[in-house]
Number of protein chains: 2
Amino acid sequence: MPSHEGEDEAWLPPEIAVTVDLVILTLRASVFQVLLIERGEPPFQGSWALPGGFLRDAEEDIYDAALRELYEETGLEAGNLHMEQLAAYGTPGRDPRRRIVSVAYLTIAPELPEPVAGTDAASAFWTPVEQVLDHQVSLAFDHHDIVSDAVERARDKLERTPLATAFVGKSFTITDLQRVYEAVWGVSLDPRNFYRKVQGATGFIVPAGSERRTTAGRPARLYRAGTARTLHPPLTRPTPSAAPEEAR
Amino acid sequence: MPSHEGEDEAWLPPEIAVTVDLVILTLRASVFQVLLIERGEPPFQGSWALPGGFLRDAEEDIYDAALRELYEETGLEAGNLHMEQLAAYGTPGRDPRRRIVSVAYLTIAPELPEPVAGTDAASAFWTPVEQVLDHQVSLAFDHHDIVSDAVERARDKLERTPLATAFVGKSFTITDLQRVYEAVWGVSLDPRNFYRKVQGATGFIVPAGSERRTTAGRPARLYRAGTARTLHPPLTRPTPSAAPEEAR
DNA sequence: GCAATAGTGTCTTTGAGACACTATGGG
DNA sequence: CCCATAGTGTCTCAAAGACACTATTGC
């Protein structure tokens with residue numbers, strides 16, 4: 001990597017501020033929801049946005065910063081939570097104040113006992129993902145795009161990874177899992193075929209002993225997540241383009 | 001996003017340098033290769049590394065910076081090339097000089113007429129991907145991890161997107177495509193089944209008129225990439241874990 | 001008994017993999 | 001003719017989707 005574009009010796013790289021943005025997804029009452037906050041400061045004061053913030057200092061790891069923001073915004077601890085990096089967003093002008101590169105994280109949380117607890121609880125709330133995707137609510141910065149990317153990533157990973165188990169508690173029924181797939185994919189699935197496929201995916205779920213009583217009907221067996229990191233065979237999503245004819 | 005961790009008013013976000021790193025993948029003589037350079041400056045002077053560099057200034061878009069580096073290192077222009085963001089890498093200490101966040105890009109190039117042309121051609125060379133994955137060559141910084149992630153991404157996208165067409169020229173034969181899959185996945189495929197699957201994937205390839213003569217054998221029909229953005233049905237990779245039994 | 005949910009079995013169609021065969025070029 | 005590569009057909013098995021049926025609870 002010789003000389004930087006042939007500039008003079010005094011050339012120094014531009015100094016840029018780095019933030020993390022969190023797309024925290026969950027199911028609440030079988031509805032696929034994302035955590036949003038109302039911004040208390042400019043820019044976009046009063047607008048809705050993803051939780052997030054600047055790296056605390058030049059020594060903080062990006063992943064650690066995401067964990068820290070997660071805790072500050074929701075009170076959630078790292079344990080048992082799925083969090084993975086989504087992408088970096090750094091278009092000049094995405095923040096009107098200054099140049100910022102934001103690293104977005106995708107976080108999946110099981111349904112929580114209380115709406116949202118944490119430092120900024122007052123201004124944080126769950127919103128149906130569909131309302132964001134449909135532009136029924138508009139978000140600050142490029143956060144709409146980030147949510148879109150995160151949802152697409154989640155939908156995709158449901159097919160070939162046990163990600164769905166991150167949406168439910170340690171023990172869950174097969175019907176619980178089905179609700180995850182239905183809510184995230186926005187489809188309805190045949191429970192009998194779903195049973196067969198989930199059971200057939202090696203290492204996806206393993207029996208967890210007891211049963212769960214429900215208000216009505218036969219009690220369901222409980223399962224917990226298996227050790228598989230990928231699903232064989234995968235749980236394929238019903239093709240949204242029902243008949244992909246004529247691709248010319 | 002109220003007060004930043006309750007620090008005093010004078011808190012300012014840390015200033016961080018942003019770089020781009022390019023994982024440029026291609027097939028050369030049916031071998032899956034990645035473009036590496038020999039570093040001419042510290043740190044890691046003399047080591048092999050991915051091409052890349054700092055953002056030129058605070059107004060340069062990250063994607064544009066990746067395009068610029070691509071041109072500077074290889075002479076390749078944006079057109080007809082596949083380039084997508086891979087991920088951000090920002091572990092403190094990954095660069096011994098200072099804190100750096102690097103945004104890696106995955107680039108797929110068709111086999112090029114000459115080895116590598118460009119500003120830094122002298123120090124750039126193609127290396128078999130397998131040698132990098134196997135640690136037969138070691139790379140500066142965390143570039144080994146970046147290459148691993150890039151290869152995994154490419155392998156994955158071959159299954160469900162027409163990414164393979166980015167490895168070949170505008171016109172190609174089905175056998176050309178098969179060589180891409182075989183080299184990237186590191187497997188050998190049955191040409192007859194491959195034919196059926198590629199032809200059956202709607203919008204993957206469309207006939208391109210003429211035929212191509214080869215040194216021996218029947219001339220092959222030429223195709224060009226179709227308009228499909230995803231493959232239905234997908235071209236599934238032979239399960240590397242042949243029999244994923246006993247996932248407990 | 002009835003309502004409601006959990007779980008099983010069976011049939012049909014589709015696609016994957018194995019592999020025999022035909023087609024068309026150059027020597 | 002032979003060799004090499006291109007392309008087709010056929011069989012078997014696995015998995016997806018549709019859907020009838022049985023099982024176990026609360027009332």
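Residue numbers start from 1 in every chain, and the chains themselves are labelled A, B, ... in the order their sequence lines are given, proteins ahead of strands.
- Between G169(A) and P110(A), the shortest heavy-atom distance links the atoms N-CB, 4.1 Å.
- Here the closest heavy-atom approach between residue L158(B) and residue L231(B) is recorded as O-CD1, 4.1 Å.
- If you take CZ of R160(B) and P of dA16(C), they are 12 Å apart, rounded to a whole angstrom.
- A donor-acceptor pair is defined here as one N or O able to donate and one able to accept, closer than 3.5 Å; such a pair exists between the side chain of T26(A) and the backbone of A109(A).
- Checked against side-chain contact (heavy atoms from CB on, under 4.5 Å), A183(B) has the following partners two or more places apart in sequence or in another chain: L27(B), F32(B).
- Residues Y89(A) and D149(A) bring a donor and an acceptor atom of their side chains to less than 3.5 Å of each other.
- Below 30°, between 30° and 60°, or above 60°: for H143(A) and F141(A) the angle between ring planes is between 30° and 60°, a tilted geometry.
- The closest side-chain donor-acceptor pair between S148(B) and D145(B), if any, does not fall under 3.5 angstrom.
- Here dA6(D) presents its C1' atom at 12 Å from CG of L222(B), a figure rounded to the nearest Å.
- Between dA16(C), dG7(D), dG7(C), one nucleotide has an atom nearer to the side chain of R221(B) than all others, and that is dG7(D).
- Between the side chain of D134(B) and the backbone N or O of Q136(B) there is no donor-acceptor pair closer than 3.5 Å.
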Nucleic acid footprint by protein, nucleotides 22-27 of chain D - heavy-atom cut-off 4.0 Å, B for base, S for sugar-phosphate alone:
-BBB--
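- Across residues 166-199 of chain A, D190(A), R192(A), N193(A), R196(A), K197(A) each have a non-hydrogen atom less than 4.0 Å from an atom of DNA chain D (numbered order).
- In this structure, L231(B) atom CG and dA16(C) atom P are separated by 11 Å, rounded to whole Å.
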